[in-house]
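Reviewing the structure listed below.
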Amino acid sequence: MFINSHLATGYLLHRLKVFEKKWLILWLIAAVIPDIDGLWSKSVVEHHSILHTPSIWIVICGFGWLVGFLRKDENIKTFFVILFIGSNVHLFTDYITARTVGIKWMYPMNNTDYYLFPIKPENGNIPIWEMIVDPYITFYVENKILTGIELLFNFLAIILYLFYANKSN
Ligand SMILES: [Zn+2]
């Protein structure tokens with residue numbers, strides 16, 4: 001999934017209004033953060049590091065939440081709950097929309113890569129920035145269902161943003 005779509009997902013999660021609006025920025029960060037491994041990856045197909053596995057977020061967020069619990073600090077607890085939900089929704093949407101690399105749900109127990117539609121890892125042997133140009137982009141939009149879902153997320157987020165831009169909440 002593209003970064004703008006992850007940002008849109010984060011915004012939509014924020015709009016569910018489970019937590020106060022002060023957490024908006026964290027929702028956006030949490031929905032995108034697994035993709036920072038793209039900064040040090042040589043190719044699209046290699047960019048799924050440990051940050052694209054649930055185990056790392058279970059450890060980080062579990063530890064962080066426990067600190068908040070022991071210190072009786074609701075803000076710390078909420079911070080790590082949002083980080084956990086956002087990062088795992090990222091993994092789930094990457095799993096649904098996988099084109100060249102899936103998600104290792106069971107890592108480190110096993111190394112199996114999971115994806116919904118058949119993937120073509122050979123098409124991911126390109127630098128990350130080449131994702132937005134041909135031939136990758138043409139390959140990416142070949143799956144009309146997934147492309148439609150991704151566009152819908154972006155569209156919904158923009159509509160909601162514009163709707164709430166004129167309101168105080
Ligand atoms: Zn990702």
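Worth saying up front: this structure is predicted, and the values here are computed from it rather than measured. As the structure lists them, so they are numbered: ligands from 1, and atoms in each ligand from 1. Heads up: numbering here begins at 1 and tracks the sequence.
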Is Phe117 atom CZ crowded by more than 12 heavy atoms from other residues, nucleotides or ligands, each under 6.0 Å away? yes

Do any of the N/O/S atoms of His90, backbone or side chain, fall under 2.8 Å from the Zn ion (ligand 1)? yes

If you check every N/O/S atom of Asp94, which is the one nearest the Zn ion (ligand 1)? OD2

Is His48 close enough that one of its N/O/S atoms sits under 2.8 Å from the Zn ion (ligand 1)? no

Asp35, N/O/S atom nearest the Zn ion (ligand 1): OD1

For Trp23, which of Asn75, Leu13, Val18 qualifies under side chain to side chain contact (heavy atoms under 4.5 Å, CB included)? Asn75

Hey, can you tell me if Phe69 and Trp65 have their rings parallel, tilted or perpendicular (30° and 60° cut-offs)? parallel

Contact check, side chains of Ser49 and Ser41, non-hydrogen atoms, under 4.5 Å: no

